[in-house]
Number of protein chains: 2
Amino acid sequence: MPNPISAQLRFAVLATDVVCFRVASGRLEVLLAKVHLPPFYKNRWGLPGGIILADETAEQSVERHLKTKAGIAQVYKEQLATFSRIDRDPRNRVVSVAYLALMHGGEEREPTATETRWCPLAEVPKLAYDHDEILAAATERLRSKLSYTNIARYLMPRAFTFSELQRAYESVLGHVLDKRNFRKRFLSLGLVRATGKKRKEGAQRPAELFAFTGTGLRTLGL
Amino acid sequence: MPNPISAQLRFAVLATDVVCFRVASGRLEVLLAKVHLPPFYKNRWGLPGGIILADETAEQSVERHLKTKAGIAQVYKEQLATFSRIDRDPRNRVVSVAYLALMHGGEEREPTATETRWCPLAEVPKLAYDHDEILAAATERLRSKLSYTNIARYLMPRAFTFSELQRAYESVLGHVLDKRNFRKRFLSLGLVRATGKKRKEGAQRPAELFAFTGTGLRTLGL
DNA sequence: ACTATTGGTGTATAGCATACACATATGCCC
DNA sequence: GGGCATATGTGTATGCTATACACCAATAGT
């Protein structure tokens, strides 16, 4: 059952897929979207995404699909890679430009559609299409960029404690870090600054609140 | 004058472009292809590339165009990024998946078509489409990967002297390096091994020949 | 044998990443 | 109010890695 649009074509159709991460309750979560496409996929999960229209860029396509499917806007995005395996879509030839998107969990931006959900990375089921591969690429990109950029700023709210920041790192990297060295590194590199405010939360010493310095993504060691 | 193929479409056409580098005579060169497309471009230079067919992946498309336009095959390739600005092609909507390709200059693989040429990076003219931007991205990728991978292996022939390897680095990085530290680094990381052979070339001490160890791309510091 | 040219070698130093243990501020319970 | 539980916050010693730097060696040509 070839799709009538691409069946007449000698060329591929272009789409985008987004791997949107957040850290919530100290866990790394991915945004998933329901895929219902009998006879190939029945009630599977996949990444949100869709066609690139003739009058939009890949990035605009990502924005549109995130907004439409999950009510998410204004998040950090970067292009990941383009996936072009010939049989990656069982219906017809679709080439997909994949994006990595990051947001923070504190802001209570829950998906509007019931057809999307946040899923802890460790519990992601087998996904439709080649989305497992795309997710793996995104995870790898995020992991490595955490070490040599300040990309974590997009996973954190405006103000945060060092414990929260460290938990974000640990949940992405998958291993624990030393508290003192962690703190020292961020402060000596000037990546974060104290806001002067404190957060009281439960029966313990109040934590100082920090914010990332500057704006935008910064690559270290340049 | 809209292209008849894409004019009927709501969607973009997909293409590839390749930035193919080599080091020859101690300079970094890039492969250019002639673009003749009145009234937009008259005898301009651009990157080699072309359409992705319905039955080929992006990588296969790159291989096909490199082979067809310049007679080049069997080179290292990696995906760079996808360029989707709406007006990047003046005729119609074309989204391009750009690739970085590397080869060594020693092998005398000269372009077969007269419509392509090797151009030293420093002398590249203003290119057609958004190819300046693509070239800049490729240069940046190569420069940075040189520092944290053994990607230089694809710019070198099987056996080479340390002087040749260092000249390759210097021509890409654009600055000179210390001979002793350079050598020490490659040997202590086990990236290269001595072949035991020597090359006599002119009125000076013969140089020992080295080869890269292992196979494939290796990322350091893992 | 002398010269010109490129090849080849070692050490000292500074900066950075890592390992590691205890005191502090709060809320809660008795 | 005193003691306890919990998360916050701090400094030093050590090893490794990157860098800076100068001289001798082997050959070809004259």
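A note on names: the letters A, B, ... follow the listed sequences, proteins ahead of strands, and every chain is numbered from 1.
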Task: Steps toward salt bridge (Lys or Arg N to Asp or Glu O under 4.0 Å) verdict (Arg88(A), Glu133(A)) - done: CA-CA 11 Å; Arg88(A) 58 177 295 283; Glu133(A) 200 185 331; over 6 Å; no

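Between the NZ atom of Lys198(A) and the P atom of dA7(D) there is a distance of 17 Å, given to the nearest Å. Per the geometry, CZ belonging to Arg185(B) stands 14 Å off P belonging to dA20(D), to the nearest Å. Here dC16(C) presents its C1' atom at 16 Å from CZ of Phe186(A), a figure rounded to the nearest Å. One atom, CZ of Arg199(B), and another, C1' of dA26(D), lie 17 Å apart when rounded to the nearest Å. Across the protein-nucleic acid pair, Lys179(B) atom NZ and dT19(D) atom P stand 18 Å apart, rounded to whole Å. One atom, CZ of Phe182(A), and another, C1' of dC20(C), lie 18 Å apart when rounded to the nearest Å. Straight-line distance from the CZ atom of Phe162(B) to the P atom of dA26(D): 19 Å, rounded to whole Å. Atom CZ of Phe160(B) and atom P of dG8(C) are 12 Å apart (whole Å).
The side chain to side chain contact (heavy atoms under 4.5 Å, CB included) test with Glu29(B) is passed by exactly one of Cys119(B), Pro120(B), Ser171(B): Pro120(B). Here the rule is ring pair (Phe, Tyr, Trp, His ring centres under 6.0 Å) with Phe186(B), and of Phe160(B), Phe210(B), Tyr169(B) only Tyr169(B) fits it.
Here the shortest heavy-atom pairing between Leu127(A) and Leu135(A) reads CD1-CD2, 4.2 Å.
Distances were taken from every side-chain heavy atom of Pro206(A) (C-beta onward) to each of dG9(D), dT26(C), dT6(C); the shortest belongs to dT26(C). The side chain of Arg205(B) has dA26(D) as its nearest neighbour among dA28(D), dA26(D), dC20(C). Closest to the Arg183(A) side chain, of the nucleotides dT10(D), dA28(D), dC21(D), is dT10(D). The side chain of Lys184(B) lies closest to dT19(D), out of dA28(D), dT24(C), dT19(D). Closest to the Ala207(A) side chain, of the nucleotides dT10(D), dC21(D), dT8(D), is dT8(D).
Listed pair Arg180(B) / dG10(C) fails the phosphate criterion, with no side-chain N or O lying under 4.0 Å from OP1 or OP2. Phosphate proximity of dA7(D) to Ser163(A): absent, as no side-chain N or O sits under 4.0 Å from OP1 or OP2.
Looking only at side-chain heavy atoms (C-beta outward), Leu142(A) and Val19(A) stay at 4.5 Å or farther from each other.
Sequence order on DNA chain D of the closest nucleotides to Leu187(A) and Lys200(B) puts Leu187(A) first from the 5' end. Position along DNA chain C of the nearest nucleotide to Asp178(A) versus Gly202(A) favours Asp178(A) as the more 5'-ward residue.
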